[in-house]
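Worksheet: one structure, shown below.
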Amino acid sequence: MSLTQENLARAKELIALYPEPRSALIPLCHLVQEQDGWLRPDAMEEVAALVGVTPAEVRGTATFYDMLHTESVGTYAISVCTNIACLLDGAAELLEHAEGTLGIGVGGTTADGAITLEEAECLADCDRTPCVQVNHRYVGAQSLESFDQLVADLRAGRRADTIPNHGTLVRVRRTVGLKADPAQIAAERAAMAAAQADRAAAKAPVGGSSS
Amino acid sequence: MAITEVPHIVTARRGYEDSHTLERYLATGGYEGLRKALTMTPEAVASEVDTASLLGRGGAGFPAGRKWSMLRKDPLTYLVINGDESEPATFKDHLLIESDPHQLIEGVLIAAYALQVTRAFIYVRGEFALGLERVQQALNDAYDHGAVGADIFASGFSIDVVVHPGAGAYICGEETALLESLEGKRGFPRIKPPFFPAAIGLYGQPTVVNNVETMSNLPWIILNGGAAFAALGAGRSTGTRLFALSGRVRNPGAYELEMVKTTFRDLIYAPVLGGGIRGSNQLKAFIPGGVSAPWFGPDQVDLPLGQDEVGDAGSMLGSGSIVVMDSADCVVRAAWRITKFFARESCGQCTPCREGSGWLERVLYRIEHGTGREEDLDLLLDVSDNISPGLQWPPQQTTICVLGPSIPSSIHSAIEMFRDEFLLHIKEGACPHA
Ligand SMILES: Cc1cc2nc3c(=O)[nH]c(=O)nc-3n(C[C@H](O)[C@H](O)[C@H](O)COP(=O)(O)O)c2cc1C
Ligand code: SF4
Ligand code: FES
């Protein structure tokens with residue numbers, strides 16, 4: 001499946017926001033996940049073509065990040081934080097309970113495709129422990145009982161209004177393009193290309209050792 | 001108690017349900033700091049920030065004014081905001097992003113004007129779905145309001161701001177990894193020196209990277225003057241800071257407190273703050289500044305919340321997050337979990353960090369689970385020493401970034417304070433707290 005016309009237009013808007021198209025790689029991966037739920041191989045090829053890198057570079061980048069999925073996941077990804085503040089408040093027990101009641105291990109997806117269980121590192125909500133997110137939205141501290149209720153609610157579609165399907169990260173779109181003088185932005189890109197060419201000529205090592 | 005009489009600089013709108021909206025922001029003095037800044041010269045704005053002595057709130061505590069002055073002169077420079085907040089137990093930027101996004105944006109605009117940067121990027125941790133929505137909505141509204149875009153508030157200054165989502169990787173909080181990530185790559189920290197972002201940053205152009213809380217202080221500083229900010233706190237630690245308190249306290253939460261004038265004891269025990277240890281247990285240990293920081297024991301609880309004060313005592317205020325452990329908590333388990341985090345998040349470029357973190361995690365795991373050996377404590381310290389030679393504080397860095405030397409912090413301090421407890425695990429073949 002490839003990007004819909006609407007999403008293709010959005011992809012181009014996103015690319016236009018950056019000094020170089022490649023910067024839009026991660027935003028475009030999020031866009032693809034919003035459409036398909038995960039990064040299908042053909043979608044990665046499409047992203048690669050849009051930002052001007054090879055498909056292998058898209059895959060190599062995507063696999064570095066926890067939120068980008070190169071395999072399909074459930075409708076709801078439940079992330080249980082077991083880092084220090086949550087650990088002190090029963091997170092390990094909660095995760096064990098979740099594995100038991102869902103009948104899956106960490107990283108697994110329930111047979112009905114509804115739920116994927118993840119063990120998360122600190123989710124920056126350490127005063128509401130143990131912390132749980134569903135599709136990257138906070139659902140507050142969970143007890144074993146409230147967790148079961150949460151799962152039942154998710155399965156019954158009762159949380160659909162506040163928790164969009166997996167892959168939908170942000171429901172608020174940018175409504176404006178770049179506003180500073182377009183000529184200035186073109187000059188900016190030209191200046192940057194010139195500076196990069198100068199540095200390449202001078203063989204100055206620019207830091208960074210990635211692909 | 002004086003603790004609560006301090007001006008609320010970054011949490012002024014905390015009581016309002018709609019604190020994230022433009023209406024509320026404008027009704028409570030929003031964008032007045034920017035308007036004032038635009039009547040000043042960029043140099044004068046930067047000079048106020050220098051006078052304020054605002055230390056970066058991201059963890060390293062470098063003075064913002066000095067960082068700005070180091071930005072290499074170039075026709076094309078960038079400003080990048082670090083909203084990746086993933087240091088375990090840190091949850092203050094998340095609050096600022098969700099509850100007061102306009103304050104952050106106003107701070108970014110003030111900094112951009114002072115630096116004469118025409119493009120700024122706000123990198124927000126991917127897991128902050130609501131936060132990303134709030135900043136994007138605020139930014140849309142700020143454009144409509146004329147605060148961002150071409151010729152803002154008819155000042156002649158133009159600036160575009162882009163909200164950029166991360167995708168889940170702790171290391172992307174390290175500023176050069178963040179720049180790599182913003183360039184669409186894996187988050188591998190860059191080797192520095194020789195090149196710091198202020199010389200060679202985003203796409204090779206000079207770049208200032210500042211933290212969300214650092215930016216959120218700017219509207220107040222411009223409105224009230226750098227001197228008023230510097231009058232709060234003491235020494236190099238001026239102003240207030242948003243401290244994130246978690247663990248075994250009655251009232252975990254984020255508290256804005258005056259630097260230095262408040263102590264860890266106040267934070268943990270004052271009824272209006274942490275409210276003391278839960279139940280009838282006693283304070284056993286606390287982490288003073290995120291899990292990269294060495295732990296403190298009860299005898300250090302009277303230290304003031306100041307950068308140098310904590311640094312001189314052998315740890316760091318870091319990201320301003322305090323985790324409290326009580327007498328029922330197992331320190332081996334805590335050190336194991338923190339080490340597991342580092343093992344999982346090491347980017348893998350440097351051998352000591354990549355291999356060492358895994359080793360340490362496995363040894364701590366077996367001690368916690370009752371299959372540790374007597375020589376394991378020496379092994380832990382030996383491997384730690386390989387990652388952070390001499391186990392000094394501040395650590396000697398042999399890796400590309402400081403994630404590596406942060407790994408031994410909890411292990412080393414936990415063994416120093418609680419060697420007996422480690423040995424008890426080994427002798428009894430089980431966790432005495434389980
Ligand atoms: C492993 C590692 C993780 C970091 N994570 C963050 C982070 O999540 N947020 C942040 O602002 N700074 C983080 N930092 C510090 C940044 O590298 C940088 O110093 C900071 O963003 C600069 O902003 P400031 O000067 O305003 O504090 C991290 C550093 C390291 C080494
Ligand atoms: S110290 Fe660790 S996290 Fe930092 S660059 Fe080296 S391997 Fe990566
Ligand atoms: S430790 Fe669990 S949310 Fe921070």
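Hydrogens, waters and symmetry mates play no part in the numbers below; they use all other heavy atoms, side chains included. Chain letters run A, B, ... following the sequence lines, proteins first and then strands; every chain starts at 1.
By a heavy-atom distance cut of under 4.5 Å, A:Phe64, A:Tyr65, A:Asp66, A:Met67, A:Leu68 are the residues of residues 62-70 of chain A near chain B, going up by number.
By the 4.5 Å heavy-atom criterion applied to side chains, B:Phe91 and A:Cys131 are not counted as neighbours. At a threshold of 4.5 Å between non-hydrogen side-chain atoms, the residues A:Cys122 and B:Tyr170 do not count as touching. Side-chain contact check for B:Leu130 versus A:His136: every heavy-atom pair is 4.5 Å or farther apart. B:Leu182 is listed as a side-chain neighbour of A:Tyr18, based on a closest heavy-atom distance under 4.5 Å.
Between A:Lys179 and B:Ala150 the shortest heavy-atom distance is O-CB, 3.4 Å. Taking every heavy atom of both residues into account, A:Leu17 and B:Phe121 meet most closely at O-CE2, 4.1 Å. The shortest heavy-atom contact between B:Phe128 and A:Leu123 is CE2-O, 4.0 Å. Here the closest heavy-atom approach between residue B:Thr90 and residue A:Cys126 is recorded as N-SG, 4.1 Å. Between B:Pro165 and A:His30 the shortest heavy-atom distance is CG-CD2, 3.8 Å. Looking at every heavy atom in both residues, B:Leu132 comes nearest to A:Val170 through CB-CG2, 3.6 Å.
Between the side chain of B:Ser246 and the backbone N or O of A:Ala85, no donor-acceptor pair lies under 3.5 Å. Looking only at distances, no side-chain donor or acceptor of B:Arg248 sits under 3.5 Å from a matching main-chain atom of A:Asp89.
The residue from B:Val163, B:Leu139, B:Asn140 that alone fulfils the side chain to side chain contact (heavy atoms under 4.5 Å, CB included) condition with A:Val172 is B:Asn140.
By the ring pair (Phe, Tyr, Trp, His ring centres under 6.0 Å) test, B:Tyr143 pairs with no residue at all, sequence neighbours left out. Not a single ring pair (Phe, Tyr, Trp, His ring centres under 6.0 Å) links B:Phe243 to another residue, sequence neighbours left out.
Neither the backbone nor the side chain of B:Ile152 comes within less than 4.5 Å of any heavy atom in chain A. With a threshold of 4.5 angstrom between heavy atoms, B:Cys330 does not approach chain A through any atom at all. Contact annotation for A:Arg128: neither backbone nor side-chain heavy atoms come within less than 4.5 Å of a heavy atom of chain B. Contacts of B:Ser321 with chain A are absent, with no heavy-atom separation under 4.5 Å from either backbone or side chain. Only the backbone of B:Val324 comes within less than 4.5 Å of a heavy atom in chain A; its side chain stays farther off. For a residue to count as touching a neighbouring chain, one of its non-hydrogen atoms must lie under 4.5 Å from one of that chain's; by this rule B:Pro88 touches chain A with backbone and side chain alike. Contacts of B:Ala244 with chain A are absent, with no heavy-atom separation under 4.5 Å from either backbone or side chain. Within the 4.5 angstrom heavy-atom criterion, atoms from both the backbone and the side chain of B:Val162 approach chain A. When heavy atoms are compared at a cutoff of 4.5 Å, B:Val161 approaches chain A solely by way of its backbone atoms N, CA, C and O.
For the atom pair NZ (B:Lys185) and CD (A:Glu57), the distance works out to 9.0 Å, reported to the nearest 0.5 Å. Separating the CG atom in A:Leu88 from the CZ atom in B:Arg333 is a distance of 8.0 Å, to the nearest 0.5 Å.
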message = Checking A:Leu178 against B:Arg119 for the side-chain contact (heavy atoms from CB on, under 4.5 Å) test, could you report, in this order, the C-alpha distance in whole Å, the side-chain angles of both residues, the deciding distance, and whether it holds?
response = CA-CA 9 Å; A:Leu178 296 184; B:Arg119 197 100 67 97; 3.7 Å; yes
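Between B:Glu133 and A:Arg171 there is a salt bridge, with a side-chain nitrogen of the basic residue lying less than 4.0 Å from a carboxylate oxygen of the acidic one.
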Quiz: residues 76-83 of chain A side-chain donor-acceptor pairs under 3.5 angstrom, not counting sequence neighbours:
unit_1  : atom_1 : unit_2   : atom_2 : d
A:Ser79 : OG     : A:Glu118 : OE1    : 3.1
A:Thr82 : OG1    : A:Glu119 : OE2    : 2.6
A:Thr82 : OG1    : B:Arg337 : NE     : 3.2
A:Thr82 : OG1    : B:Arg337 : NH2    : 2.8
A:Asn83 : ND2    : A:Glu121 : OE1    : 2.7

